[in-house]
> 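Okay, here's the structure, questions in a sec.
The chains referred to below are lettered A, B, ... by the order of the sequence lines, with proteins before strands, and numbering in each begins at 1.
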Amino acid sequence: MAFDLDALGDSRRSSYCGEVNEKNIGSIVTLMGWVHRRRDHGGLIFIDLRDRAGLVQLVFSPHAGQAHEKAHELRSEFVIAVTGVVRPRPKDTENPDIATGAIEVEVSSLKRLNDSAPLPFVLEDDTGVAEMTRLKYRYLDLRRPSLQKKLILRHQVTQEARSYLSQNGFIEIETPVLTKSTPEGARDFLVPCRLSPGLFFALPQSPQLFKQILMISGFDRYYQIVKCFRDEDLRADRQPEFTQIDAEMSFVDRDDVMAVMEGLVERIFKTAGHAMSLPIQRLTYAEAIGRFGLDSPDARFGLELKDVTAIVAQCGFKVFTDAAASNGVVKAICVKGGAAFSRKDLDDLTAIAVSFGAKGLAWVKITAEGWQSPIAKFIDDDVKKAIESGLEASVGDLLLFAAGKPSIANTALGRLRLNVGGRLNLIPKQGFNFVWVTDFPLLDYDEAEKRYVAVHHPFTAPMYEDADRLDIDPLSVRAKAYDLVLNGTEIGGGSIRIHTSGMQSRIFEKLGISAIDAQDRFGFLLEALQFGTPPHGGIAFGLDRILAILTGSDSIRDVIAFPKTQKAADAMSDAPSTVSAKQLEEVSIRVVKKT
RNA sequence: GGGGCCGUAGUUAAGUCGGUUAUAACGCUGGCCUGUCAAGCCAGAGGGCGCGGGUUCGAGUCCCGUCGGCCCCGCCA
């Protein structure tokens, strides 16, 4: 016989499925949730009922009459309400794998609140289902306990962040989402404005200028957990809209910001069950690049880079001597036991080096018979000895060399270090390694655009003692900037800001922004800076990245409820989409087909 | 803009050198079944291989194009 759907009526949940326990034995509970799994023995019927708190086993015995008959018709993901008595499971039928495994609910009354079509995929954790399918049916994907855990942790983390920042005097203030497009930085998402045909808002890449303005307004300490938008290509750790924990403080210098924010990070990790010891270690940018090749050093393992430029400056290998003679460097790592790498391994490593801009990769296997290497014949024995001792190399090791411009040699070898560390399982799976990277250069020179660009952003203050060199040696000027790096990933970055309009104008000029352009794009800031701006600085953390690392997720998509695909599309709603001619007309936009 | 990997039942995969009617598991449907928990047993339905061309007697298999997914370079102050 078939049963119709039941109304909720006056049934109300007495507890969450996952929270029923031995203390409830003997009491009557009413539970609501989804049919997770059904084991129908014809006589006895077992249902695992699921809600956000977990699973509990329901038992329908033939004595339950209509409830038992109705239970036959239940299928996966039907929504039901049940009332029954909690009782201990019979001896030897307990399930130690679930939290409620010691008890079960003997159902006396069943309401079938809604049915479900057969699912496109089974709701299991560690499912092998294609991500596209998961994203299309995100509402089903999000029923999986593992994803629910991640989003619930996200909630707890933001709650704790708010609590910590509020306790430390930070005031949460909302800033506009419809803002002014500025040059510099990432590509803006643009929003047309009906009331001003031909003019556009930009979605904020960050609330940077607004939070500085709030310091000028005297709020002293500000924070916001806020969406930011950047119209750039996506990556596993980059979405076009992402969330920052954004903060700014007045009357402080670097160490003050770093100290308060270490407390925030400690609180966040404590929330997730991880104790950490403060203070967090610090590396200067120069040290980070020197030892790890990257400005986001993964200090969980060794395999550090060594500079051998001086040793090989006069050797017989032209690639090395040319690099040494032209302001370049020769950097090397010593891979313990790496002589066992195959020719294919070395080809792979070379390809990686090349993909990061290196011209090639020099390698040396140190064997009992001496150097086995394409470059062995170019290098004298005394230089070989000097290299070996400089790198603390011994028989069985592999040496990898990158030569050329410092930026390329360091990047290539730094990436190789990560790859080799991964291949040899040198990187601990557990644990969190934090590093502050400080003393970034203020400026970099963009060869393509033939101008200086800000390494951090154009509002970053130079170090006081370096500012005199802005005109004579701009690249040597260090910034009052700092990044927080976790396990080799940048999770936050900030700086002390320029707080005088004179210095701000000077930096714009250095960046090749004319006085007229500066006035047009940033005039409001330059003007505001003239009205009593306190020294101030701040930071922004990438909430998605922190959560991805905290939850062991490969992509930040797993800690975002509704993420976008690599083409920046929403697989569920199919955004972005076309709009009507009328809508376009209203905002004075005409779409031109690309040829 | 570029490099790499991938696309076969609802899902995950197999499919040999191009060769009969495209396999399997899980899921689904029906039946049996009173202690299961990835329940079990029996039976069954379900795809023409992302899409469009081409080569061929014959194409998941080869070629060209295209769409989509993922990873990466560039880009991301």
Side-chain angles (χ1 to χ4, degrees), chain A residues 36-49 55-64 68 72 75-77 89-98 100-101 104 106 116-137 140 182-188 205-206 208-209 228-240 242 348 351-358 411-412 415 419 440 442-444 446 448 452-460 479 481 490 493-495 507 511 513 540 542 554-555 557 564-567 569 571 574:
Chain A
H36 188 66
R37 240 176 268 282
R38 173 181 66 111
R39 293 176 294 279
D40 188 341
H41 290 224
L44 279 180
I45 301 169
F46 299 99
I47 298 278
D48 290 336
L49 189 65
L55 295 172
V56 69
Q57 174 164 282
L58 310 179
V59 187
F60 296 83
S61 91
H63 312 300
H68 180 261
H72 271 304
R75 295 292 181 271
S76 285
E77 299 306 306
R89 293 199 189 184
K91 197 165 174 47
D92 296 326
T93 66
E94 300 91 348
N95 183 351
D97 296 331
I98 61 174
T100 62
E104 61 191 11
E106 183 177 22
S116 170
L119 267 54
F121 52 90
V122 186
L123 303 187
E124 274 174 355
D125 279 345
D126 303 314
T127 169
V129 178
E131 191 171 9
M132 186 59 179
T133 309
R134 291 175 42 202
L135 290 177
K136 183 174 175 188
Y137 300 96
L140 299 179
T182 56
E184 301 288 303
R187 193 176 291 114
D188 284 324
Q205 297 174 26
S206 81
Q208 182 61 36
L209 293 179
C228 302
F229 306 86
R230 296 178 189 177
D231 186 6
E232 298 292 346
D233 286 359
L234 287 76
R235 288 283 192 283
D237 61 355
R238 278 165 34 189
Q239 285 272 304
F242 61 99
D348 288 350
I352 292 165
V354 168
S355 80
F356 286 97
T411 302
R415 294 289 175 176
N419 186 280
F440 279 80
L442 183 71
L443 302 169
D444 192 12
D446 187 319
Y452 293 102
V453 293
V455 168
H456 188 55
H457 59 49
F459 319 107
T460 300
E490 180 199 329
S495 62
I507 295 296
L511 295 173
I513 301 173
D554 291 329
S555 163
R557 292 187 298 274
K564 299 199 168 34
T565 67
Q566 199 156 58
K567 257 195 72 189
D574 227 19

> Parallel under 30°, tilted from 30 to 60°, perpendicular over 60°: which one fits the rings of H72(A) and H68(A)?
perpendicular

> Using atom P in both nucleotides, what's the gap between G68(B) and C51(B) to the nearest angstrom?
15 Å

> Please work out if R235(A) contacts a base, only the sugar-phosphate, or nothing of the nucleic acid, heavy-atom cut-off 4.0 Å.
base

> Kindly point out which of A39(B), C71(B), G69(B) is positioned nearest to the side chain of H41(A)?
A39(B)

> Could you tell me whether the side chain of P240(A) reaches within less than 4.5 Å of the side chain of D231(A), counting heavy atoms only?
no

> Using the C1' atoms only, state how far G53(B) lies from C42(B), rounded to an integer number of Å.
47 Å

> Less than 4.0 angstrom between a side-chain N/O of S76(A) and OP1 or OP2 of C28(B), yes or no?
yes

> Can you tell me how far P in G48(B) sits from the matching atom in U23(B), rounded to whole Å?
14 Å

> Using a heavy-atom cut-off of under 4.0 Å over every strand shown, decide if E131(A) touches base, sugar-phosphate, or nothing.
sugar-phosphate

> In whole Å, measure the gap between the P atoms of A25(B) and A43(B) for me.
12 Å

> Taking only the C1' atom of each, what is the distance from C64(B) to U55(B) in whole angstrom?
11 Å

> Counting any heavy atom closer than 4.0 Å, what does T565(A) reach on the DNA or RNA strands: base, sugar-phosphate only, or nothing?
sugar-phosphate

> Can you check the distance between C17(B) and C63(B), where both ends of the measurement are the P atom (answer in whole Å)?
14 Å

> To the side chain of R39(A), which of U36(B), G68(B), C75(B) is closest?
U36(B)

> Looking for any heavy atom pair under 4.0 Å, which part of the strands does D40(A) touch: base, sugar-phosphate only, or nothing?
base

> Of all the nucleotides listed (C70(B), C37(B), C28(B)), which has the minimum atom distance to the side chain of P118(A)?
C28(B)

> Counting any heavy atom closer than 4.0 Å, what does V129(A) reach on the DNA or RNA strands: base, sugar-phosphate only, or nothing?
sugar-phosphate

> If the cut-off is 4.0 Å, is R557(A) near the phosphate of C71(B), judged by side-chain N/O to OP1 or OP2?
yes

> Could you give the NZ-to-C1' distance, from K567(A) to G50(B), as a whole number of Å?
15 Å

> So, for H41(A) and F46(A), is the gap between ring centers shorter than 6.0 Å?
yes

> Would you say R37(A) places a side-chain N or O within less than 4.0 Å of OP1 or OP2 belonging to A39(B)?
yes

> T565(A) versus E131(A): any side-chain heavy-atom pair under 4.5 Å?
no

> Looking at U36(B) and F46(A): do their rings stack (centroid distance under 5.5 Å, interplanar angle under 30°)?
yes

> Could you measure between the two C1' atoms, the one in G15(B) and the one in U8(B), and give it in whole Å?
9 Å

> What nucleic acid atoms does P183(A) come within less than 4.0 Å of, heavy atoms only: base, sugar-phosphate, or nothing?
nothing

> Please work out if R134(A) contacts a base, only the sugar-phosphate, or nothing of the nucleic acid, heavy-atom cut-off 4.0 Å.
nothing

> Using the P atoms only, state how far G47(B) lies from G10(B), rounded to an integer number of Å.
8 Å

